[in-house]
Amino acid sequence: MRNFTSVHDIGDIKSAIEKAKYVKENPFADQALGKNKTLLMIFFNSSLRTRLSTQKAGYNLGMNVIVLDINQGAWKLETERGVIMDGDKPEHILEAIPVMGTYCDVIGVRAFAEFQSKEDDYNELIINQFIELSGKPVFSMEAATRHPLQSYADLITIEEYKKTARPKVVLTWAPHPRALPQAVPNSFAEWMNATDYEFVITHPEGYELDEKFVGNAIVEYDQKKAFKDADFIYAKNWAAYQDPNYGKILSKDRSWTVDTEKMALTNNAYFMHCLPVRRNMIVTDEVIESKQSIVIQEAANRVVSAQAVIKEILKDNY
Ligand code: CP
């Protein structure tokens, strides 16, 4: 693997699950791979889990780790080519990325959708420039349209908790006060479609995701119907994808909040969310604090997914 930006880079999904299991059981077995190698983590956006888990994954692999928050202490970056740089951005990304590449062996990038241009977001302008210009392997720590390290951790978690070979997994939209990107639901859908699970997406009308990510999933607009007999409920908010409402909030309808009444419709389902989560908007206190909530275990598996991915990158490129 040279770069990791989606499920398509991970290869066979069953083999990816086995590799993750090995990493989880043997966290320090591959320290020789990372010796004298530097992991550079670039954040254009905030993070708790991705920052800590990826840093820990790098250390588990014996790497040196550098973390840079672009918006805290670095020069403000111009990203458009051809502009006269007489504004408040003193450095162009076209120089900054190759320079960053000289200081490291592997680069992780977090760059969310900005909702200024659907075309720019869905063309992944920022992470693709890192791939093109850094000269180093690049992995996504959440880009504009996907969050593959999260989805890989979600898959590992479902594999650990599933009680049947082919569980019913339901991705449900839930309300949120701010407009959030589609990266997590897009990516989750893409990874679920790579399995043989029964996969259902439920959301209010107007929140349809890009068909490319929906794939073979069943789309059900009746949330209660979707929850029936589910083994896993994966909640997430996202802003509208379809034109002319791209990036907009169409509803904050709290009748979509995941609560105990809806969870009672399921097959004693586990509750999942990538975190951070807005309590009593996305999910009630009762559900997230219940024994069926596996959000902490899910977050813990972010170390495993990051380590499995960086390990493959190190193996294949050094
Ligand atoms: N789930 C996730 O990516 O969390 P952070 O935004 O805190 O990194």
Side-chain angles (χ1 to χ4, degrees), residues 4-7 9-10 20 39-60 65-72 106-115 121 124 126-127 130 138-158 160-161 169 171-174 176-192 213 232-239 258 270-279 281-283 287-288 293-310:
F4 175 75
T5 62
S6 82
V7 72
D9 297 314
I10 202 77
L39 167 63
L40 175 59
M41 296 164 57
I42 302 291
F43 287 92
F44 287 84
N45 312 95
S46 303
S47 167
L48 186 152
R49 280 143 291 275
T50 305
R51 175 187 304 264
L52 297 179
S53 62
T54 311
Q55 196 163 356
K56 184 171 161 68
Y59 290 140
N60 284 356
V65 182
I66 306 172
V67 182
L68 178 66
D69 287 286
I70 290 290
N71 298 320
Q72 286 174 18
V106 182
I107 307 183
V109 179
R110 166 164 282 202
F112 291 174
E114 293 185 343
F115 289 150
D121 289 343
E124 292 286 6
I126 301 291
I127 196 161
F130 273 87
V138 172
F139 66 91
S140 169
M141 298 195 300
E142 186 170 345
T145 63
R146 293 177 174 95
H147 193 359
L149 285 181
Q150 179 65 53
S151 311
Y152 191 5
D154 297 335
L155 173 65
I156 295 163
T157 310
I158 292 171
E160 287 174 344
Y161 281 86
V169 178
L171 166 63
T172 181
W173 180 93
H176 194 280
R178 297 182 58 191
L180 298 185
Q182 297 96 26
V184 169
N186 282 346
S187 194
F188 185 71
E190 201 169 49
W191 284 70
M192 290 301 103
F213 296 104
F232 293 88
I233 298 296
Y234 192 100
K236 186 71 184 83
N237 171 268
W238 61 90
V258 178
Y270 289 108
F271 174 80
M272 299 178 73
H273 188 280
C274 62
L275 305 181
V277 69
R278 299 259 184 167
R279 281 175 173 231
M281 288 291 294
I282 300 279
V283 58
V287 171
I288 199 165
S293 170
I294 51 172
V295 295
I296 307 302
Q297 297 90 325
E298 182 184 355
N301 277 333
R302 290 293 306 277
V303 178
V304 182
S305 64
Q307 192 169 334
V309 165
I310 300 167

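What's counted below: heavy atoms across the whole structure, side chains too, no hydrogens, waters or symmetry copies. Ligands are counted one by one from 1 in listed order, and the atoms in each one are counted from 1 as well.
- Between the side chains of Asn301 and Glu160, at least one donor N or O sits under 3.5 Å from an acceptor N or O.
- Near ligand 1, Ser47, Leu48, Arg49, Thr50, Arg110, His147, Gln150, Cys274, Leu275, Arg302 each place a heavy atom less than 4.0 angstrom from the ligand.
- The ring-ring contact (aromatic ring centres under 6.0 Å, His included) search around Phe4 returns none, not counting sequence neighbours.
- Residue pairs meeting the salt bridge (charged side-chain N to carboxylate O under 4.0 Å, His left out) criterion with at least one member in residues 296-307: none, sequence neighbours excluded.
- Among residues two or more places apart in sequence or in another chain, the side-chain contact (heavy atoms from CB on, under 4.5 Å) test is passed with Ser47 by Phe43, Thr50, Arg51, Arg110.
- Between the Trp238 side chain and the Trp173 main chain, no donor and acceptor come within less than 3.5 Å of each other.
- Distance check: Ile288 CD1 to Arg279 CZ gives 5.5 Å after rounding to the nearest 0.5 Å.
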